[in-house]
Colleague: 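Provided herewith is a single structure, encoded as structure tokens, for subsequent inquiry.
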Amino acid sequence: MEEWDPSTKSALTKIPLLSTRAGPRDGAAWTQRLKEEYRALIAYTSMNKSNDNDWFRISADNPEGTRWTGSCWYVHNLRRYEFRLQFDIPVTYPTTAPEIELPELDGKTHKMYRGGKICLTVHFKPLWAKNCPRFGIAHALCLGLAPWLAAEVPILVDSGMVKHKDDEVSSVES
């Protein structure tokens, strides 16, 4: 954690660590893991809101908690760029991190693969493996998706690959 900026380090220390090593096929243990996941997500969301840094909405898409959907956004040049967010919990979770997908950005950057899944292999996956089972969904968003958005969205916007929704509406009206 030495090379992280102070705000990331501070955020990470406030997200509760998880303790249950269980995946979707583990019955009651998975239910316990889901409770820990929700606690961590609630803590992370509350912390973000209290710091005026709210940047995502997410919820389980099924009762088993294996499919998650929502949205995330990034503010660049005082404009908010919002994207659909989705991922499935892998069968080998928590050993394997979820592959976060932003479908609208599929094919718009080389740091993305297989249908809009963001590339986290080099920087995030080793960190996930080292911290298994203590890291969960909230940690994947904090240490995986947030830095990815910060690195990629400005480039995508400045290159014209991503347009603000207001710009798309005005170009359609013309």
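This chain uses plain numbering: 1 for the first residue, then up along the sequence. As the structure is a prediction and not an experimental result, all values here were calculated from the model.
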Colleague: Please tell me if the side chains of Leu127 and Phe135 come closer than 4.5 Å, counting only heavy atoms from C-beta onward.
Modeller: yes

Colleague: According to the interplanar angle, ranging from 0 to 90°, do the rings of Tyr81 and His76 count as parallel (below 30°), tilted (30 to 60°) or perpendicular (above 60°)?
Modeller: tilted

Colleague: Without swapping roles, check the side chain of Asp26 against the backbone of Gly23 for a donor-acceptor pair under 3.5 Å.
Modeller: yes

Colleague: Do Tyr44 and Phe56 have ring centroids that are under 6.0 Å from one another?
Modeller: yes

Colleague: Under the 3.5 angstrom rule, does the side chain of Ser46 hit a backbone N or O of Ala43 as a donor-acceptor pair?
Modeller: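 Here the side-chain-to-backbone pair does not exist.
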
Colleague: Verify whether one side chain among Glu36 and Thr20 offers a donor that lies under 3.5 Å from an acceptor in the other.
Modeller: yes

Colleague: Verify, without hydrogens or angle tests, whether Asn48 (side chain) and Asp52 (backbone) share a donor-acceptor contact under 3.5 angstrom.
Modeller: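 Not a single qualifying donor-acceptor pair exists.
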
Colleague: Verify, without hydrogens or angle tests, whether Thr109 (side chain) and Lys111 (backbone) share a donor-acceptor contact under 3.5 angstrom.
Modeller: yes

Colleague: Is a side-chain donor or acceptor of Lys108 paired with a backbone partner of Met161 at a separation under 3.5 angstrom?
Modeller: yes

Colleague: Could you check, using the six-membered ring where one of them is a Trp, whether Tyr93 and Trp68 have ring centers closer than 6.0 angstrom?
Modeller: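 Between Trp68 and Tyr93, which both carry aromatic rings, the centre distance is not below 6.0 Å.
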
Colleague: For Pro94, is there any backbone N or O sitting under 3.5 Å from a side-chain donor or acceptor partner on Trp128?
Modeller: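 Checked: pair present.
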
Colleague: Tell me the salt bridge (Lys or Arg N to Asp or Glu O under 4.0 Å) pairs involving residues 70-95, sequence neighbours left out?
Modeller: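 Counting only pairs at least two positions apart or across chains, the salt bridge (Lys or Arg N to Asp or Glu O under 4.0 Å) contacts touching residues 70-95 are Arg67-Asp88, Arg79-Asp167, Arg80-Glu82, Arg84-Glu104.
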
